[in-house]
Amino acid sequence: MTEPVREAVLEDVAALVTLINRAYRVEAFFVNGDRTNDEDIHARLQASNARFLVIDDEHPTRLAACVYLNFNGARAYVGLLSVDPERQGQGFARRLLDAV
């Protein structure tokens, strides 16, 4: 688990959508459909007051974990904390929250 925490870029949109939707499948019993889509993530990445922090997976086209930050002055909204279901329990969420 040596992958660094980094800021997401527009090229990460597809991987972010895949990761978030996989992580939020636990909501399937009360949410119909995917949690997010390309347009939503693209818009969040382009917002001047927002960022995604990510940790790359060992597979080059996947992400192990991400968290969304939306800044409002000295405060930040933290959301969409997502860890790939196959990588849960390995400390990725803690690493992201420590980086926040």
Side-chain angles (χ1 to χ4, degrees):
M1 188 168 63
T2 61
E3 303 87 354
V5 174
R6 67 172 177 85
E7 190 172 320
V9 295
L10 288 175
E11 290 78 19
D12 292 316
V13 168
L16 282 163
V17 170
T18 299
L19 169 63
I20 293 165
N21 287 334
R22 286 189 72 212
Y24 278 85
R25 285 214 176 107
V26 297
E27 294 181 344
F29 71 95
F30 68 93
V31 175
N32 188 19
D34 288 334
R35 179 74 165 84
T36 192
N37 57 46
D38 287 357
E39 294 80 22
D40 174 47
I41 299 302
H42 191 268
R44 290 175 191 252
L45 279 171
Q46 289 196 306
S48 62
N49 62 331
R51 308 269 183 293
F52 270 98
L53 297 180
V54 300
I55 300 174
D56 290 308
D57 191 86
E58 296 161 350
H59 189 277
T61 61
R62 291 177 58 175
L63 297 173
C66 72
V67 65
Y68 173 71
L69 307 169
N70 188 306
F71 299 94
N72 183 6
R75 296 180 180 202
Y77 165 82
V78 177
L80 294 176
L81 178 62
S82 304
V83 177
D84 185 298
E86 295 174 14
R87 306 296 300 270
Q88 290 178 2
Q90 299 177 27
F92 288 102
R94 170 58 45 207
R95 287 181 53 207
L96 286 170
L97 292 175
D98 286 347
V100 169

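Basis for what follows: all heavy atoms, side chains included, without hydrogens, waters or symmetry-related copies. If you read the sequence from its start, that first residue is 1, and numbering goes on from there.
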Solution key, residues 5-20 side-chain donor-acceptor pairs under 3.5 Å, sequence neighbours excluded:
{"residue": "Arg6", "atom": "NE", "partner": "Asp56", "partner atom": "OD1", "Å": "3.4"}
{"residue": "Arg6", "atom": "NE", "partner": "Asp56", "partner atom": "OD2", "Å": "2.9"}
{"residue": "Arg6", "atom": "NH1", "partner": "Asp12", "partner atom": "OD2", "Å": "2.8"}
{"residue": "Arg6", "atom": "NH2", "partner": "Asp12", "partner atom": "OD1", "Å": "3.0"}
{"residue": "Arg6", "atom": "NH2", "partner": "Asp12", "partner atom": "OD2", "Å": "3.3"}
{"residue": "Arg6", "atom": "NH2", "partner": "Asp56", "partner atom": "OD1", "Å": "2.9"}
{"residue": "Glu7", "atom": "OE2", "partner": "Arg51", "partner atom": "NE", "Å": "3.3"}
{"residue": "Asp12", "atom": "OD2", "partner": "Val9", "partner atom": "N", "Å": "2.9"}
{"residue": "Thr18", "atom": "OG1", "partner": "Ala14", "partner atom": "O", "Å": "3.0"}

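- By the side-chain hydrogen bond (donor to acceptor under 3.5 Å, both in side chains) test, Asp84 pairs with Arg22, Arg62, sequence neighbours left out.
- Between Leu69 and Val78 there is a side-chain heavy-atom pair separated by less than 4.5 Å.
- In terms of heavy-atom proximity, Ile41 sits nearest to Phe52 at CD1-CZ, 3.7 Å.
- Nearest approach of Val67 to Gly79, heavy atoms of both residues: CG2-O, 3.6 Å.
- When side chains are defined from C-beta on, Arg35 counts as touching Leu80, because their heavy atoms get closer than 4.5 Å.
- Within the 3.5 Å criterion, the main-chain N or O of Asp57 finds no donor-acceptor partner in the side chain of Glu3.
- Applying the side-chain hydrogen bond (donor to acceptor under 3.5 Å, both in side chains) criterion to Asp98, with sequence neighbours excluded, gives Arg94.
- Of the inter-residue distances, the one linking Thr36 atom OG1 with Arg44 atom CZ reads 6.0 Å to the nearest 0.5 angstrom.
- When all heavy atoms of Ser82 and Ala23 are compared, the pair lying nearest together is CB-CB, 3.7 Å.
- Side chain of Asn49 to main chain of Phe71: a donor-acceptor pair is present (N/O by atom type, distance under 3.5 Å, no hydrogens or angles).
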